[in-house]
There are 2 protein chains.
Amino acid sequence: MSLNIKVVAKTFEVLETLNREPKISLKEITDRVAFPKPTVFRLLHTLQTLGYVDQDPDAQTFTLSSKFISFINGANRGSELLVLAQPYMEKLRNEFKETINLAKMVDNTPVYINILESSHSFRISDSIGDHASFHSTAIGKAIIAFLPANKLKELLKKYSFSRFTKKTITNISELEKEIAKVKKQGFAVDDEEGHDGVICIGAPIFDKDRYAFAAISISMPKVRAKKIILEKIKKELTATGKKISEELGVKDI
Amino acid sequence: MSLNIKVVAKTFEVLETLNREPKISLKEITDRVAFPKPTVFRLLHTLQTLGYVDQDPDAQTFTLSSKFISFINGANRGSELLVLAQPYMEKLRNEFKETINLAKMVDNTPVYINILESSHSFRISDSIGDHASFHSTAIGKAIIAFLPANKLKELLKKYSFSRFTKKTITNISELEKEIAKVKKQGFAVDDEEGHDGVICIGAPIFDKDRYAFAAISISMPKVRAKKIILEKIKKELTATGKKISEELGVKDI
DNA sequence: AAACGTTATTCCACAATGTGAAATAATGTA
DNA sequence: TACATTATTTCACATTGTGGAATAACGTTT
């Protein structure tokens, strides 16, 4: 009955709206959520008083406050995956000197939860908290290739393909071919599909049911990606994905 | 009257408790917050349903979920300070090849909101979301030295000094002397007070009232900190702090 | 500077929603 | 098997949150 508090759900709807589009007004928020203006007003007022939302006094516009940055701490320390993957990620970075990414499915979208940057001066990297796309990143492909069939289907149904480079996959049939390939190989490749001159290799991390719920990847400029190194990376990344899965409690992968 | 929704405040009390101590049980949370067990139970249940809290089914223990990591996105994009400081931070890192930190006061504690890591292999760095102490970091000192007198007093009243190295400042009178020095210089130094072998320089960022609400700092191994470089860093960091403040709308510093 | 449109804020009567003491179930421990 | 301890459910109650409508505060146009 009253086990789920409705105001709390409303609160987070407002916060998520604010996360999607920072710096919007009360009116704009109200247009996006389903409840009346005074309700949104009250929620924003409360969040502001508590310090979770900042208001630009001139533009009368709202934003998530830096207080949310503090929550990273607890979320990280509580994340078994993140804690467990850390040493593996460090090992990979030290070995290849390139950027290592860890992403996890959050609300049906891969979100970067950790990034160890390349020590090279020429680096390309996303930020923690960023979303990864399924069709243009190795980390995204590594995840969807090992999703339950029905979940994959559902995801692809309402998926829109933005083009980033001329190599970007932009339709379902191509992506499905790619998924089959990833499944067979055990790892995913993004060869200049997200950014020109950048190649990424990604490997899945499995849950108890043997479905991917996360992935690790390495990003590097293509000019540094010699064939022999690339082969080594593919092998080690896949092995690391398996090891992390095992440590998380998945046996015999 | 009902402008501030009480359930929302309670919700965030639970979340903050969970942030401070990840992996605690219903009982433990109830002990730390002021409201009865069924209320906490309901809040946790709701947060779990919404996906903001994860429960370890074995240990019956709760944690903030990775969903909070997504909020970084909106909080960052909405942060004028962060967006504005980014190019300055990049310039400093490119010039000195050392780790550049940006921290902001959140609930009377400096919180790292951005960190650009050194390109050197020997790197020492905190994580975004971490708290910085006032007495053992350059970034913390740079902030407290330029706080309103009454706020500073209040902060120091209930401040506890943990010792990290033999150079750590561990009492108020020493810290007050240090603060006076920082005020005079315009920048702060942490000379192996937080970590042995690590030196940091920090400079304040001011709000419209000319009080510090944030700071930038550079961290480096002492072995790389030649006197001439250090002098250059002090000058440039302080100048950068001023420039960022100006861009934020503070005139004539 | 007046009139208009738009968006933010306040009001308030109402009942739905959240409350929490107490009872019960589930779990772990001796 | 009995005993603690902690998690969950129940339920009668009123506090708390609700939202339509009114008002205020802007911003823009004429």
Side-chain angles (χ1 to χ4, degrees), chain A residues 1-65 74 78 80 208 249, chain B residues 1-65 74 78 80 208 249:
Chain A
M1 278 324 70
S2 53
L3 255 194
N4 280 320
I5 302 170
K6 299 186 184 174
V7 208
V8 176
K10 287 181 198 165
T11 306
F12 279 100
E13 249 188 85
V14 169
L15 290 172
E16 282 183 0
T17 305
L18 238 33
N19 189 39
R20 243 171 283 121
E21 305 172 66
K23 304 197 175 188
I24 56 176
S25 65
L26 169 61
K27 167 67 161 58
E28 290 170 301
I29 300 168
T30 306
D31 288 346
R32 282 157 185 73
V33 298
F35 19 94
K37 224 192 311 170
T39 300
V40 179
F41 178 81
R42 232 178 292 124
L43 288 170
L44 282 172
H45 186 95
T46 307
L47 288 166
Q48 208 185 181
T49 305
L50 296 172
Y52 290 99
V53 157
D54 288 337
Q55 181 175 20
D56 184 323
D58 304 321
Q60 290 215 132
T61 212
F62 298 88
T63 303
L64 298 186
S65 86
E80 211 139 340
K208 300 110 203 139
Chain B
M1 276 321 73
S2 52
L3 256 195
N4 280 320
I5 301 170
K6 298 185 185 174
V7 208
V8 176
K10 286 181 198 164
T11 305
F12 280 100
E13 249 188 82
V14 169
L15 290 172
E16 283 183 359
T17 306
L18 238 33
N19 190 39
R20 243 172 282 122
E21 304 172 68
K23 302 196 177 189
I24 57 177
S25 66
L26 170 60
K27 169 68 162 56
E28 292 169 300
I29 301 169
T30 307
D31 288 346
R32 281 156 185 75
V33 296
F35 20 94
K37 222 192 313 169
T39 299
V40 179
F41 178 81
R42 234 177 292 123
L43 288 170
L44 282 171
H45 186 95
T46 306
L47 288 166
Q48 210 185 179
T49 305
L50 295 171
Y52 290 99
V53 157
D54 289 336
Q55 182 175 19
D56 184 322
D58 305 322
Q60 290 216 131
T61 210
F62 298 88
T63 303
L64 298 186
S65 86
E80 210 138 344
K208 299 113 204 136

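The shown structure was predicted, so the numbers you read here are calculated from the model rather than taken from an experiment. Throughout, protein chains are lettered first and strands after them, A, B, ... in sequence-line order, and every chain is numbered starting at 1.
- The separation between A:Gln55 atom CD and C:dT7 atom P is 16 Å, rounded to whole Å.
- Listed by first then second residue, pairs satisfying side-chain hydrogen bond (donor to acceptor under 3.5 Å, both in side chains) with a partner in residues 29-41 of chain A read A:Glu21-A:Arg32, A:Lys27-A:Asp31, not counting sequence neighbours.
- Legend: residues meeting ring-ring contact (aromatic ring centres under 6.0 Å, His included) with A:Phe41, ordered by chain and number and at least two apart, are absent.
- By the side-chain hydrogen bond (donor to acceptor under 3.5 Å, both in side chains) test, A:Thr63 pairs with no residue at all, sequence neighbours left out.
- Qualifying side chain to side chain contact (heavy atoms under 4.5 Å, CB included) partners for A:Ala59, counting only residues two or more places apart in sequence or in other chains: A:Asp56, A:Thr61.
- Looking only at side-chain heavy atoms (C-beta outward), B:Thr11 and B:Thr46 stay at 4.5 Å or farther from each other.
- Summarising the geometry, the separation between NE2 on B:His45 and C1' on D:dT8 is reported as 11 Å, rounded to the nearest angstrom.
- One can place CZ of A:Phe41 at 12 Å from C1' of D:dA25, the figure rounded to the nearest angstrom.
- B:Leu3 places its CG atom 10 Å from the P atom of C:dT9, with the value rounded to the nearest Å.
- Partners of B:Glu28 according to the side-chain hydrogen bond (donor to acceptor under 3.5 Å, both in side chains) rule, which considers only residues two or more places apart in sequence or in another chain, are B:Ser25.
- Here B:Asn4 contributes atom CG and A:Thr49 contributes atom OG1; the two are 4.0 Å apart, rounded to the nearest 0.5 Å.
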If you restrict it to nitrogen or oxygen atoms, what contacts under 3.5 Å exist between nucleotides 27-30 of chain C and the protein, and what is each distance?
none

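- Judged as a side-chain hydrogen bond (donor to acceptor under 3.5 Å, both in side chains), and not counting sequence neighbours, B:Glu80 has no contacts.
- Applying the side chain to side chain contact (heavy atoms under 4.5 Å, CB included) criterion to A:Asn19, with sequence neighbours excluded, gives A:Leu64, B:Ser70, B:Phe71, B:Asn73.
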Produce a footprint string for nucleotides 15-24 of chain D: one letter per nucleotide, 5' end first; B if the base is under 4.0 Å from any protein heavy atom, S if only the sugar-phosphate is, - if neither. -SBBBBB---

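- With sequence neighbours left out, A:Glu16 forms a salt bridge (Lys or Arg N to Asp or Glu O under 4.0 Å) with B:Lys67.
- Residues from residues 14-28 of chain A placing a heavy atom under 4.0 Å of any atom in DNA chain D do not occur.
- Sorted pairs that involve residues 5-15 of chain A and meet salt bridge (Lys or Arg N to Asp or Glu O under 4.0 Å), not counting sequence neighbours, are lacking altogether.
- For the pair B:Leu44 CG and D:dA7 C1', the interatomic distance rounds to 11 Å; values are reported in whole Å.
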